[in-house]
Amino acid sequence: MSSLPSVLSQRIEAVAGADPELRPATKPQFGHFQSNIALRLAKQEGAKPRDVAQRIVDALDLDDLCEVVEIAGPGFINFRLRTDVLAAAINEQLADPRAGIVQTRDPKTVVIDYSSPNVAKQMHVGHLRSTIIGDCFNRVLSAQGHTVIAQNHIGDWGRQFGMLIEQVIDEGLDLSTLDLPGAEELYRRANEHLNQDEAFAERSRERVVKLQSGDPDTRAAWQRLIKISLAGFNRTYERMNVLLTDSDVAGESTYNEMLGAVADDLAKRGIAVRDSGALVVFAPGFDAPAIIRNSAGGYGYDATDVAAIRYRVDDLGAQRIIYVTDARQSNHFKLVFAVAKLAGYLPDDVEAQHVGFGMVLGPGGTPIKTRDGGTVTLESLLDAAEEHAAPQIALAAIKYADLSNSLQKDYVFDAERMTQTTGDTGPYLQYAHSRCAGILREAAARGLAWDQVGVLTEPAEQELALWLTRFGENVQVVSDDLTPHKLCTYLFELATKFSSFYEKCPVLKSDGDVRASRLALVAATKQVLARGLDLLGIVAPERM
Ligand code: ARG
């Protein structure tokens, strides 16, 4: 289903041979849309704009869509839609369980790599953003009919496990008593120990070898640390109301068994070469090579991500892969994609994209830190927002703040501003939704019947109706361009248009057909707000 404006636009283009670039009319008396196409064409042709406009208007047959098509001023063309056509579009949308979200004609298997925290460390602000943004992509692409496979690429492998396990042994620590904050404390102690004690550092290195070679006790301790961490991550996910589950967890260690084969394959085909003991890939245009295997025979972050691409394409059937991490990793992903392309692991028809987001800043405009300069945990941010609002509202505030700016931008975490129910905030949208719900509740309590949108006489109703029909195309933009802020802008505008409609057009205080029609318009607004908020991962409350 295409929205009315896009249908209208296509019809004009078919006649005029150029995009009419329809703009909303500046005043209700000018209709609904205006185009300057005649002025543009006239310039090219050296003709009079009004003559060109007349020629276009004469050739157009828009009786089924428009009530009035007229030429204005120097040669603008104004269009006024038929209100019955507008009403029919809203009614169709109201009856559609998808609220007008367009189903893709080209469904793809999309892997989204997001959240991805690290074992024995609490999730921090970077993981907050990754989780919220990735989850929004998941919801939007799924809603359009794509098959989304979430991959939580947790950091569950690496040299740090040597020192962690040695520290457990040193302290005689009972791992069954440990939770995630406790594991993070352990990490800190182990790290300090490592820096001070050469013998401990040596034992930690040996422990890494034991872990790699599959020593049962070492593996068991490692598994426990993962389990403790996952339990902590899951508590946060639950608090954040995100889609991720245990079955989405595919940490770095998932690829261990594949690394040798990848290295051999790359070496055999001459894509990877030896360089002072290491196996590396020099990709054209990069300053540094990708390290496939270091000189000690170990595999790291680069190699794991190359193997992960191969697995995602070959085994998961990915046709598009989206990575959501902070912008500082953008070089890493560029390099990994380049290597995977060279190797043929990432065919041309599979799109790999890294969505790098900006930082979360504190009140001073510098990256947010704890009082003692440490990284801020995600839990503490949720706590801060909950000091100003109930949990569902605090969460809406954070998610909206995170999604409503273009992702690459840094944003200031201002719990007080974010949780306000006025202005461009998540709670404002929730409030607009609950207002719709309240009106419909009141109507039901009074036994007022309504069914469909019928009469749309007032400009404010028409404007609201028209905006509602554009929901689907706005969702489309987010899935094409991965720009959630455009959906936020759309919803904010919707709430604003609803407000001015409600101010100018009495609903419960009007009568008969007008009241019934306006109630249906309120219901259509509620539906789009609820669906739109859901795509952002935000709950739409019935009352606030
Ligand atoms: N664990 C990493 C971090 O905390 C993010 C991993 C992102 N995904 C990936 N495939 N490299 O920064």
Side-chain angles (χ1 to χ4, degrees), residues 110-135 137-138 148-161 164 180 183-184 187 191 222 225-226 229-230 232-233 236-237 240 242 244 248-256 258-259 262 290-292 299-316 318 320-341 345-346 350-360 367-368 374-379 381 407 482:
V110 186
V111 165
I112 311 180
D113 179 318
Y114 70 101
S115 193
S116 309
N118 301 310
V119 166
K121 284 188 180 169
Q122 296 197 67
M123 293 170 75
H124 59 64
V125 292
H127 301 122
L128 169 86
R129 293 211 72 184
S130 176
T131 307
I132 291 173
I133 296 163
D135 210 58
F137 294 162
N138 189 342
V148 173
I149 304 178
Q151 292 283 277
N152 193 354
H153 193 87
I154 62 169
D156 64 355
W157 195 251
R159 309 192 55 77
Q160 69 275 25
F161 287 96
L164 282 167
L180 180 53
E184 193 170 46
Y187 196 108
N191 208 20
W222 167 68
L225 287 168
I226 294 177
S229 305
L230 278 178
F233 302 155
T236 307
Y237 293 148
M240 289 181 70
V242 290
L244 287 172
D248 303 320
V249 174
E252 295 178 11
S253 69
T254 312
Y255 307 99
N256 283 350
M258 308 171 201
L259 296 169
V262 165
I291 317 278
I292 300 303
Y299 299 96
Y301 200 52
D302 289 354
T304 306
D305 267 323
V306 172
I309 290 190
R310 190 191 203 193
Y311 169 78
R312 289 168 181 179
V313 172
D314 289 354
D315 296 71
L316 299 181
R320 184 180 182 185
I321 313 178
I322 301 168
Y323 295 81
V324 190
T325 77
D326 74 71
R328 285 171 298 187
Q329 296 201 33
S330 90
N331 265 328
H332 164 74
F333 286 109
K334 278 195 191 119
L335 181 58
V336 165
F337 297 165
V339 171
K341 280 209 158 79
Y345 300 160
L346 184 61
V350 177
E351 191 180 9
Q353 294 167 280
H354 172 236
V355 178
F357 50 78
M359 282 184 289
V360 181
I368 194 162
T375 46
V376 173
T377 63
L378 195 158
E379 293 277 329
L381 289 180
L407 299 178
L482 303 178

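One-based numbering, in listed order, for ligands and for the atoms of each.
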For Ser229, which residues count as a side chain to side chain donor-acceptor pair (under 3.5 Å) partner, sequence neighbours excluded?
none
With Asp248, which residues qualify under side-chain contact (heavy atoms from CB on, under 4.5 Å), at least two apart?
Ala150, Leu244, Thr245
Side-chain donor-acceptor pair present, Gln151, Tyr311, cut-off under 3.5 Å:
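No, no side-chain donor-acceptor pair sits under 3.5 Å.
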Side chains of Tyr323 and Asp305: any donor to acceptor distance under 3.5 Å?
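No, because no side-chain N or O of Asp305 sits under 3.5 Å from a partner of the opposite role on Tyr323.
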Is the closest side-chain heavy-atom distance between Leu230 and Phe233 below 4.5 Å?
yes
For Arg328, which residues count as a salt bridge (Lys or Arg N to Asp or Glu O under 4.0 Å) partner, sequence neighbours excluded?
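By the salt bridge (Lys or Arg N to Asp or Glu O under 4.0 Å) rule, Arg328 matches Asp326.
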Using a 4.0 angstrom limit on heavy atoms, which residues are close to ligand 1?
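Close residues (ligand 1, cut-off 4.0 Å): Asp113, Ser116, Asn118, His127, His153, Tyr301, Asp305, Tyr323, Thr325, Gln329, Phe333.
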